[in-house]
Amino acid sequence: MSNANTKFGAKEVMDVTLYDMSTNKPVICFDTLKTSSISVTSEKVYARGGKGNPKLITWEINKEATLNIEDALISPKSMELISGMATAIGKKTVYVRQRNEFDTTGDSPKDKGDLYPLTCSEEGTINLAFVPKETVEKIQVYLKEDDCGAQISMEGATLSEKVLTLGESAAEKAKGKKVIAYYTRETNDTAQTYVITADKFAGTYKLVGDTVIRNAETGLDEPFQIIIPNLKWTSNLELGFSADGDPSSTTFECEIMRESSSSTMIEMVKYE
């Protein structure tokens, strides 16, 4: 057993579990964190007087504590519970920009890559990867060299499942050429939709963080637990998408409140 003067080193990140404050049941666990840090601040006010108006007495007020965690991964549940998102599961209309051919022999169409650009055949047909949700006249097709420019006319065009056949005039202009098709399709019923609404915010939880601290005398790691009885998770969310560098992580900022039945804000327990 260590005494009060034993020194410890803190380095290892916490595993964090959030508990429902009314039922005390766990609602989510973060075990892929990159960093977890606690900051406690306060303000000072002073009584001043006398020649030069020096500080005579000081008071500390407005103590605040915050918790910041950075997660290497994100899950639908963390997005819903922490960021105030509403989650719906079911069929959804998604937008498709098809510029390549797709392999449709399996259960799910697969992009064949840039070596197989979507091409209008000599007969004026274009093989789409999915069955469009809209009618044929609302499908938009452009020559690849003029993407988002002059739209290929859908006059006289027909659609049979995934095969789009251009009208005679349009087929004459597009046959043998690379094209890009814009349309919509319906997903299967397992699609997950995350919706950020104006009236839904993140909740308040009890947090338990588990980590280890290293005993300077023995060189051994000893269990260390941080308990925050009243933690308000902010609804701020930033998702980064980058073509290079390390994979994006997600940072959450939380406000540590006072426990409702006492003045406790944070408990730190070292145990064996």
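Since the model is a prediction, treat every value here as computed from it, not as a measurement.
- Looking at residues two or more places apart in sequence or on another chain, you find a ring pair (Phe, Tyr, Trp, His ring centres under 6.0 Å) between F102 and F130.
- In this structure, the side chains of I126 and V179 come closer than 4.5 Å at one or more pairs of heavy atoms.
- Listed by chain and residue number, nothing satisfies the side-chain hydrogen bond (donor to acceptor under 3.5 Å, both in side chains) test with S261 (two or more places apart in sequence, or in another chain).
- Around atom CD of E255, no more than 12 heavy atoms belonging to other residues, nucleotides or ligands sit under 6.0 Å away.
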Would you sort out whether K133 and T93 count as a side-chain hydrogen bond (donor to acceptor under 3.5 Å, both in side chains), showing the intermediate values? CA-CA 8 Å; K133 190 174 181 181; T93 300; 2.5 Å; yes

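- With sequence neighbours left out, S37 forms a side chain to side chain contact (heavy atoms under 4.5 Å, CB included) with N68.
- The shortest side-chain heavy-atom distance between T184 and V96 does not fall under the 4.5 Å cut-off.
- Stacking of K270 on the aromatic ring of F224 is not recorded, the 6.0 Å distance cut-off and the 45° axial limit not both being met.
- Formation of a donor-acceptor pair under 3.5 Å by the S78 side chain with backbone atoms of S75 is found in this model.
- Distance CD/E222 to CD/E272: 6.0 Å, rounded to 0.5 Å.
- With sequence neighbours left out, N127 forms a side-chain hydrogen bond (donor to acceptor under 3.5 Å, both in side chains) with no residue at all.
- Side-chain contact between I226 and E267 is absent, with no heavy atoms from C-beta onward closer than 4.5 Å.
- The side chain to side chain contact (heavy atoms under 4.5 Å, CB included) test applied to V131 returns E161, K162, not counting sequence neighbours.
- Members clustered with Y95: none, using a 4.5 Å side-chain heavy-atom cutoff among hydrophobic residues.
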Could you give me the CA-CA distance, side-chain angles and deciding distance for E172 and S169, then say whether side-chain hydrogen bond (donor to acceptor under 3.5 Å, both in side chains) is met? CA-CA 5 Å; E172 187 64 29; S169 176; over 6 Å; no

List the atom pairs, with distances to 0.1 Å, where a side-chain N or O of residues 140-156 and a protein N or O form a donor-acceptor pair under 3.5 Å, not counting sequence neighbours.
{"from": "Q140", "atom 1": "OE1", "to": "Y142", "atom 2": "OH", "distance (Å)": "2.9"}
{"from": "D146", "atom 1": "OD2", "to": "A150", "atom 2": "N", "distance (Å)": "2.8"}
{"from": "D147", "atom 1": "OD1", "to": "Y182", "atom 2": "OH", "distance (Å)": "2.9"}
{"from": "D147", "atom 1": "OD2", "to": "R97", "atom 2": "NH2", "distance (Å)": "2.8"}
{"from": "D147", "atom 1": "OD2", "to": "Y182", "atom 2": "OH", "distance (Å)": "3.2"}
{"from": "S153", "atom 1": "OG", "to": "E155", "atom 2": "N", "distance (Å)": "3.1"}

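- Contacts of Y116 classified as side chain to side chain contact (heavy atoms under 4.5 Å, CB included), with partners at least two apart in sequence or in another chain: E101, K112.
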List the atom pairs, donor and acceptor, that lie under 3.5 Å between side-chain atoms in residues 13-35 and the rest of the protein, sequence neighbours left out.
{"from": "D20", "atom 1": "OD1", "to": "S22", "atom 2": "N", "distance (Å)": "2.8"}
{"from": "D20", "atom 1": "OD1", "to": "S22", "atom 2": "OG", "distance (Å)": "2.5"}
{"from": "D20", "atom 1": "OD1", "to": "T23", "atom 2": "N", "distance (Å)": "3.1"}
{"from": "T23", "atom 1": "OG1", "to": "K25", "atom 2": "N", "distance (Å)": "3.3"}
{"from": "N24", "atom 1": "OD1", "to": "K206", "atom 2": "NZ", "distance (Å)": "2.8"}
{"from": "T32", "atom 1": "OG1", "to": "D71", "atom 2": "OD1", "distance (Å)": "2.6"}
{"from": "T35", "atom 1": "OG1", "to": "E70", "atom 2": "OE1", "distance (Å)": "3.3"}

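- A distance of 13.0 Å separates NZ of K232 from CG of L67, quoted to the nearest 0.5 Å.
- Under a hydrophobic clustering in which Ile, Leu, Val, Met, Phe, Trp and Tyr are joined whenever their side-chain heavy atoms come within less than 4.5 Å, directly or via other members, W233 and I266 fall into the same cluster.
- Here the closest non-hydrogen pair linking L166 and C120 is CD1-SG, 4.0 Å.
- A 4.5 Å side-chain heavy-atom check between R99 and L118 finds every atom pair outside the cut-off.
- Nearest heavy atom pair, residue P54 against residue G49, reads CD-O, 2.8 Å.
- Here CG of N100 is found 9.5 Å from OG1 of T119. Values are rounded to the nearest 0.5 Å.
- Using a cutoff of 4.0 Å between basic side-chain nitrogens and carboxylate oxygens, D221 and R214 are scored as salt-bridged.
- V163 and I180 are members of different hydrophobic clusters when ILVMFWY side chains are connected at heavy-atom separations under 4.5 Å.
- Side-chain atoms of R48 come within 3.5 Å of backbone atoms of N53 as a donor-acceptor pair (strictly under, hydrogens ignored).
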Side chain to side chain contact (heavy atoms under 4.5 Å, CB included) between V208 and Q225, intermediate numbers included: CA-CA 7 Å; V208 176; Q225 189 169 88; 3.5 Å; yes

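- With hydrogens and angles disregarded, no donor-acceptor distance shorter than 3.5 Å links the side chain of T58 to the backbone of Y46.
- The shortest heavy-atom contact between L128 and A181 is CD2-CB, 3.9 Å.
- Counting all heavy atoms, side chain and backbone alike, P109 lies closest to A129 at CG-O, 3.5 Å.
- Residues forming a side chain to side chain contact (heavy atoms under 4.5 Å, CB included) with I61 (at least two apart in sequence, or on another chain): E43, V45.
- Between P117 and K178, the shortest heavy-atom contact is CG-CE, 3.8 Å.
- Contact detail for C254 and L231: the closest heavy-atom pair is CB-CD1, 3.6 Å.
- By the side-chain hydrogen bond (donor to acceptor under 3.5 Å, both in side chains) test, T66 is found to be paired with no residue, residues two or more places apart in sequence or in another chain being considered.
- In this structure, the separation between CG on N230 and CG on L207 is 11.5 Å, given to the nearest 0.5 Å.
- Side-chain atoms of K91 and T187 include no donor-acceptor pair closer than 3.5 Å.
- Atoms CD and NZ, from E168 and K173 in turn, are 12.5 Å apart once rounded to the nearest 0.5 Å.
- Expressed to the nearest 0.5 Å, how far CD of E60 lies from OG of S42 amounts to 4.0 Å.
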Begin with the C-alpha distance, continue with both residues' side-chain angles, and end with the deciding distance and a verdict on side-chain hydrogen bond (donor to acceptor under 3.5 Å, both in side chains) for E137 and T135. CA-CA 6 Å; E137 66 272 9; T135 54; 2.8 Å; yes

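- No hydrogens or angles considered: a donor-acceptor pair under 3.5 Å links the side chains of Q98 and Y183.
- In this structure R185 satisfies the side-chain hydrogen bond (donor to acceptor under 3.5 Å, both in side chains) test with no other residue, sequence neighbours excluded.
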